[in-house]
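Notes for the one structure printed next.
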Amino acid sequence: MRELIPDHFVRADAAEGEALRLVSAQGSVFAVSVRGPAAVRVRHFRPEPDSPSLATPRTRSRSSSGTSGKRKRSAVDEKPPLRQATSHAVAPRAQDLSPDVNVHGLSRDLQIQDDSCFSLTVNAAESQFVITTTAIRVVVSLSEESSTPALVYSSLVDNVWTPFLEDLPHRGYPLLKDTFNGARHFVKRRDQDLHYGLGERASPLTLNGRRFRLETMDALGYNAETTDPLYKLIPFHITMDTVTRVAHGIFYDSFAQGFADFGQEIDAFWGPYRSHTLLDGCGLDMYVFFGPSISSVVERYTALVGRPAFPPKYALGYLASSMGYAESNDAQRLIAQLPADCRKWDVPCDMLHLSSGYTVDEKTGARNVFTWNKTRFPDPAKLFKELRDEGIRVSANIKPWLLCEHPNYQEVKDASGFIVDAETNGPRITRLWSAGNGASATGSYFDFSSDAGRQFWKRGVTALLGLGIESIWNDNNEFSLPDDGDIYAHSNAHGTSSTVGAAGRGLQTMLMASASYEAMVEHNNKRRPFLITRSGVSGIQRFAAQSWSGDNFTSWHTLKHNIPMGLNCGLSGLAGYGHDIGGFVGPRPEQELFVRWIQNGIWHPRFCVHSWKDEGVTELWMYPEVFSIIREAVHLRYKLLPYLYTLHHEAFKYGHPVIRPLVYEFQHDQNVQSSSFEFMLGPHILVASVFEKEIRTRSLVLPALKALESSAVAWCNLWTGEWVPGGAITVGCKLEDCGAVFARRGAIVPTGPVIKYVGEPGTDNERTFWLFPPSDAREAEEWCGTLFEDDGETVDGSGTTEIAVQMKVVGDEVVVNVGYGASNSYAVQFETVWFVLPKADTRAIKVVGRAGSETKSRVELDGRSAVGVSVSLFDEVKHGFWE
């Protein structure tokens, strides 16, 4: 890797939407734009020769080198444009929507700037430029010796501008000599900074002192503490200053391969630094988001790349899966037995993942996507109807290639639907997984930017949906392409082509997701698409509502170290994330490990048992000796569905993760800023899973709450009702307990009844709010909580309703107000809302307002008293109702 550090930058006329543009003696362009009071975009790139981005400096002209203009691919010697001139990560605005925007992407030259939110001051020598907003100040300085730019980002701390991010002087923005668009970014490394995010990364939570490869890989049986790379490429990280508690984020908008170094590399000459390297792509195109809170950073990032898709409610239930089902020659009969097994064992179930065994060729054993093995599945439509009649939906596994022996291979080849080998101008032939473990054959990846490849894929998805399949499972979509010079058809500006190296392999992952999503919408535009993806890139959450940590290995070690992987994915925009419970590969999980894995899994956004074991299918009921414990855990999951669904709606609206590292909610508490193995489920519930064999206690640090003295109680043990302050604690955790679980002071958690499946007629007929008023409540303390309700499936046809609950303590009474919140257009399917206090809390619950004019009471199965009110008496809830 050879660097070029452009120098002698001078100010040039800014393009529309830019606050500042500089041009180097070597012709590179450095541009800064302001995206709002707390977001700044910085670009550094070599313009292509015919590009309008070539700028005329105010003092002297510059030239740039380059040989290739923008031409459509029609022959091998017609090269695609050198630069990936569009972004597929940035979400299009309403005015940017077009039939081709998902394929071509958004022009990087499209600058969106709020000119009213900043001021720009320039010194007389035009060597320092100061951009000031209401939230941040960015000082762009040109060094005296070589006039290279260095940026310092500051925020007000105690009314003093205090830096939170500083470029490394003289080396902030190198370009790479070996590729036209390779680029690097160096910043000063500070000991007080902690780093989070970067998508799916091995444990622990913080990224400090490590170096990561920016690419995706099919990491079967990975080590969850050490393996890198894994399945996701999300070049976004969050940094928090542990002194000032100020957080910011950086997103590098590229799917090209590279490296992210958080302090593993040391070079005495330059002093402490960290860096981001892109080996190809678009030059440097980065966004800096200021918090000051981590949650604000996540909101700003997901506002740019897109909020997570809102899943249908059934996606939050128990999702059954195993490769073993579909690998049997008697597969249809085995799968048809699933509803009866669930009834026998009293286990709810909402979906079955149909693994790729249904596509296995009966003669060759090869997996041919969009074909059916009629021996294993003689009548798939009949099977899916039978399952659906029992409340179980099906998600079909599909893979993004055709083997050369696939019956449709020649058809797609003739139509130019595959990624193109730049040397032969024919399909790129590579080895692909074909049959059993480790088996491979030659084939080609679809080019999802090509008209033919995309349309063939969408027809295949539509055919699956026509059989009664309701969800699509994009799998094996890391696109292990061997040559950076190979060509994508129409993935660049104005439908021109691009190379694998410039556009990145992850672009095909994104285009595969958008193609599957489009097919689902076109098939039924009233039903919310439920797309699952294994690989992922920034912005893929716009299309895929769920993902998971890939093919994990069965061990206590994996159970533990998968947890921070999910937390960093949540910070990176992937709200619907989970793990293969029980482990995908490796030995069958022993009894205790399986119990603890289930108990951990019920708190995660995606709750799925999936495996590929020589010993057979991993099923909930495979250990009768401990099954009652497993069933209680699954039942608890279903009770939590209203809370989980409300959190997913919050993610859809604001980008907030469903499960969150403790630092997300308690940024002020230095004792939990690096906590990797405990997490918050939304703002109200703290979960500390058990991941060690034969351990019946759990030690952890509970966060301190702001504005409370250290002796004040902050957390309520969910199982015992005991209140404890923040700080280090060790609690009992029986095998029957789903971890050490605590409710936050003042938590209000909506729950529901145990049902057989989401949408079961007549059973989802009440809501119960778990209330956690502290035993030492202050007179001025008030708490609120919400419940989001709709029909759980349609896009916008049923309306929405929000139920709001407010709570305070007056003397020996817990006073509650309940009613409609921001919306009331969906007719909820329950008539009564109940309220219940923690175990051992004998205070009375008093419901005020119109809803409290008629109350009812009952005793819960665990002996607690509950108070109920009729939904028909609800009014709109307004703040300060007890005044």
Side-chain angles (χ1 to χ4, degrees), residues 311 313-319 342 345-351 391 578 581 595 598-609 620 627-649 658-659 680-687 689 716-721 736-744 747-760 762-772 785-789 792 803 805 818 828-839 841 858-868:
K313 197 171 187 177
Y314 71 80
L316 309 183
Y318 167 57
L319 311 180
C342 290
W345 295 98
D346 188 22
V347 169
C349 183
D350 270 282
M351 197 177 80
I581 294 171
V595 167
I598 292 283
Q599 291 173 338
N600 174 68
I602 67 166
W603 305 104
H604 284 67
R606 173 174 162 85
F607 179 50
C608 175
V609 175
L620 295 178
F627 175 71
S628 62
I629 300 174
I630 290 172
R631 179 175 53 209
E632 286 303 308
V634 178
H635 284 186
L636 177 57
R637 168 73 176 201
Y638 273 76
K639 291 178 182 177
L640 290 166
L641 286 184
Y643 183 50
L644 287 163
Y645 193 60
T646 299
L647 292 176
H648 276 82
H649 184 256
V658 175
I659 58 170
M680 297 295 296
L681 177 60
H684 296 308
I685 295 178
L686 186 153
V687 179
S689 297
C716 182
N717 187 313
L718 202 66
W719 316 129
T720 66
E736 293 78 11
D737 294 337
C738 293
V741 184
F742 297 85
R744 188 177 187 166
I748 301 172
V749 180
T751 68
V754 178
I755 52 181
K756 293 179 181 178
Y757 58 89
V758 171
E760 181 188 11
T763 58
D764 194 13
N765 53 12
E766 65 179 33
R767 292 291 178 266
T768 300
F769 284 89
W770 295 348
L771 307 178
F772 296 91
T786 59
L787 164 66
F788 176 83
E789 293 280 349
I803 293 177
V805 176
V818 59
V828 297
Q829 303 301 297
F830 48 89
E831 298 179 355
T832 305
V833 169
W834 296 89
F835 302 96
V836 65
L837 298 175
K839 290 182 178 180
D841 192 331
R858 72 180 184 191
V859 178
E860 303 291 277
L861 292 177
D862 59 7
R864 291 181 293 166
S865 297
V867 173

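Sequence positions, counted from 1, serve as the residue numbers for this chain.
Test Leu640, Val658, Ile659 against Trp603 for side-chain contact (heavy atoms from CB on, under 4.5 Å) and you get one pass: Leu640. Exactly one residue among Leu644, Leu319, Leu316, Val634 makes a side-chain contact (heavy atoms from CB on, under 4.5 Å) with Phe607. That residue is Val634.
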Self-check item: Criterion side-chain contact (heavy atoms from CB on, under 4.5 Å) on Trp345 and Arg631, from CA distance to verdict
Solution: CA-CA 8 Å; Trp345 295 98; Arg631 179 175 53 209; 5.5 Å; no

Practice problem: Given side-chain contact (heavy atoms from CB on, under 4.5 Å), test Leu718 with Phe772 step by step and report yes or no. | Solution: CA-CA 9 Å; Leu718 202 66; Phe772 296 91; 3.4 Å; yes

Quiz item: How far apart are the C-alpha atoms of Lys639 and Val754, what are their side-chain angles, what is the distance that settles it, and do they pass the side-chain contact (heavy atoms from CB on, under 4.5 Å) test?
Solution: CA-CA 6 Å; Lys639 291 178 182 177; Val754 178; 3.8 Å; yes

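Within 6.0 Å of the CD atom in Glu860, the count of heavy atoms belonging to other residues, nucleotides or ligands exceeds 12. Atom NZ of Lys756 has 12 or fewer heavy atoms from other residues, nucleotides or ligands within 6.0 Å.
Across all non-hydrogen atoms, the minimal contact from Pro750 to Phe769 is CB-CE2, 3.6 Å. Closest approach of Arg637 and Gly601 over heavy atoms only: NH1-O, 3.8 Å. Here the closest heavy-atom approach between residue Ala633 and residue Gln599 is recorded as CB-CG, 4.4 Å. Residues Gly317 and Leu641 come closest through the heavy atom pair N-CD2, 4.2 Å. Of all non-hydrogen atoms in His648 and Pro311, the two that sit nearest each other are CD2-CG, 3.7 Å. Among all heavy-atom pairs drawn from Pro838 and Gly721, the shortest one is CB-CA, 4.2 Å.
Remark: the backbone N or O of Gly739 is paired with a side-chain donor or acceptor of Trp719 at under 3.5 angstrom. Using modelled atom types, one side-chain atom of Tyr638 and one backbone atom of Tyr318 make a donor-acceptor pair closer than 3.5 Å.
Rounded to the nearest 0.5 Å, atoms OH (Tyr645) and CZ (Phe788) are 5.5 Å apart. Distance CH2/Trp834 to CZ/Arg864: 13.5 Å, rounded to 0.5 Å. Between atom CG of residue Leu636 and atom SG of residue Cys738 there is a gap of 5.5 Å, rounded to the nearest 0.5 Å. The OG1 atom of Thr751 sits 8.5 Å away from the CZ atom of Arg767 when rounded to the nearest 0.5 Å. One distance of note links OG1 of Thr763 with CZ of Phe830; it measures 13.0 Å at 0.5 Å rounding. In this structure, Asp764 CG and Glu789 CD are separated by 7.0 Å, a value rounded to the nearest 0.5 Å.
The aromatic rings of His684 and Tyr643 sit tilted relative to each other, their planes meeting at an angle between 30° and 60°.
Asp346 has its side chain within reach of His635: a pair of non-hydrogen atoms, C-beta onward, lies under 4.5 Å apart. Contact annotation: the side chain of Thr720 never approaches that of Lys839 to less than 4.5 Å [non-hydrogen atoms, C-beta and beyond].
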